[in-house]
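Just below is one structure, and these are the notes that go with it.
From a predicted model like this one, the values you see are computed outputs, not experimental measurements.
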Amino acid sequence: MVHGWPGSFYEFYRIIPLLTEPGKHGLDPSLTFEVICPSIPGYGFSDASQKKGFDAPAAARIFYKLMLRLGFSEFYLQGGDWGSLITTVLSQMKPESVKGLHLNMVMIRNGRFKMLLYLLLGRHLPWLVGFTREDVRRVYPYFEKSVYALLRESGYLHIQATKPDTVGSALNDSPAGLGAYILEKFSTWTDPDFRKLEDGGLQRKFTMDDLLTNVMIYWITGSITSSMRFYKENFTRESETSPAATTPVYVPTGIAAFPFDLMHVPRVLAKDKFKNIITYSFMPRGGHFAAFEEPELLARDIQNFVSKVEKK
């Protein structure tokens, strides 16, 4: 299971017991997992690269070597945020080792003209492009307001994809600044309506101890700058036409679509990239930090996906 930014391996602390001892938590005891939650290099206690070019394919190669050294030649993968991209790339690189890929966020880096066309047509002619009623409900009216929404929510991305070391120096110097920078994402990425609340709704899904533990992982290791540099390494001109962007994924894939995640990718668009979708679930609640927010929902969806793959 691979995390993203500004999360950490700590995101998985709630879901690990549900997967390793499912019978004790009311889940199917016949599907018991050994769970490995590595920290992306440059995040937390995982050393950052000393050279330029450490992107998602580089992380995927490292994690593949990690699995081999731990004694696993076959395994399932699960990811959201950057973890989604890393696990997807690993599925492209080593499909013979990946028994299945489960994602709670879909990242597609090519075919954007088709995506835009489908989004334009889908509002009034959803049947023509294959959108379901639930797709329409989740995509609109957000898409119609997307320019404003993107400007409001993606400022961090432009900074981190261009000049991460500048803001990183400031955040490494101020625990209050670091906390504000990270916790703001745990507010609006959990539920965009939380921005209307005085306290950002932070304790509606998390405890303050959980939130501060995640912040402290960045603070005590001084890793915020190297974690943000991962954006700069992945947002390059070459990345748009790289094999990772253009190669389909053929391993069995499960997708859990949480309603408040940063983007909703309908199944009809996801299948252009993922050619063997076994399960596609419209989750009833939850946002970007799925394992942290709704561990039981995510664990049950993972079990359902793996069960179907194993039966095949």
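The backbone N or O of S73 sits less than 3.5 Å from a side-chain atom of S97, completing a donor-acceptor pair. Judged by distance alone, with hydrogens and angles left aside, the side-chain atoms of R138 form a donor-acceptor pair with the main-chain N or O of A257 at under 3.5 Å. Panel note: side chain S84, backbone M105; a donor-acceptor pair is recorded below 3.5 Å. A donor-acceptor pair under 3.5 Å is absent between the side-chain atoms of Q160 and the main chain of M228, judged by distance alone. The closest donor-acceptor contact from the side chain of N234 to the backbone of A56 lies under 3.5 Å. In this structure, the side chain of S169 engages the main chain of D165 through a donor-acceptor pair within 3.5 Å.
With hydrogens and angles left out, the side-chain atoms of T253 and N276 include no donor and acceptor closer than 3.5 Å. In summary, the side chains of T207 and D209 do not present any donor paired with an acceptor at a separation below 3.5 Å, with no hydrogens or angles considered. Using modelled atom types, one finds no donor on one side chain facing an acceptor on the other under 3.5 Å when comparing D81 with H3. Donor-acceptor pairing under 3.5 Å is lacking for the side chains of S307 and N304.
Between K308 and K311 there is no side-chain heavy-atom pair separated by less than 4.5 Å. When side chains are defined from C-beta on, F274 does not count as touching V251, because their heavy atoms never get closer than 4.5 Å. Counting only heavy atoms from C-beta outward, the side chains of F206 and T190 approach each other to under 4.5 Å. The side-chain heavy atoms of L298 and F292, taken from C-beta on, include no pair separated by under 4.5 Å. Looking at heavy atoms from C-beta onward, T87 lies in side-chain contact with L103 at the 4.5 angstrom threshold.
Each of L197 and F186 belongs to its own hydrophobic cluster when Ile, Leu, Val, Met, Phe, Trp and Tyr are linked at side-chain heavy-atom distances under 4.5 angstrom. Hydrophobic cluster membership is shared by M107 and L157, with clusters built from Ile, Leu, Val, Met, Phe, Trp and Tyr side chains linked at under 4.5 angstrom.
Across all their heavy atoms, L269 and I108 have their closest contact at O-CD1, 3.7 Å. Considering every non-hydrogen atom in both L31 and Q303, the closest pair reads O-NE2, 3.1 Å. When every heavy atom of A299 is checked against every heavy atom of L19, the shortest pair comes out as CB-CD2, 4.0 Å.
Between Y43 and F45, the ring centre distance reaches or exceeds 6.0 Å.
Around CD of E34, the count of heavy atoms belonging to other residues, nucleotides or ligands within 6.0 Å does not exceed 12. Within 6.0 Å of the OH atom in Y13, the count of heavy atoms belonging to other residues, nucleotides or ligands does not exceed 12. For K275, the NZ atom counts as densely surrounded, since its 6.0 Å shell holds more than 12 non-hydrogen atoms of other residues, nucleotides or ligands. K271 NZ: 12 or fewer foreign heavy atoms inside a 6.0 Å radius.
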Criterion ring-ring contact (aromatic ring centres under 6.0 Å, His included) on F75 and F72, from CA distance to verdict: CA-CA 7 Å; F75 43 83; F72 298 98; 7.7 Å; no

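A salt bridge links E153 with R195: the closest approach of a Lys/Arg side-chain nitrogen to an acidic carboxylate oxygen falls below 4.0 angstrom. At a threshold of 4.0 Å, the pair E293-R285 does not count as salt-bridged, since none of the basic side-chain nitrogens sits closer than that to a carboxylate oxygen. Residues D210 and R14 are paired through a salt bridge, judged by an N-O separation under 4.0 Å between the basic side chain and the carboxylate. Salt bridge R229/E233: absent, no basic N to carboxylate O contact under 4.0 Å.
Using cut-offs of 30° and 60° on the angle between ring planes, the pair W82 and F230 is perpendicular. Using cut-offs of 30° and 60° on the angle between ring planes, the pair Y156 and Y231 is perpendicular.
To the nearest 0.5 Å, the span separating NE2 on H288 from CZ on F258 amounts to 12.0 Å.
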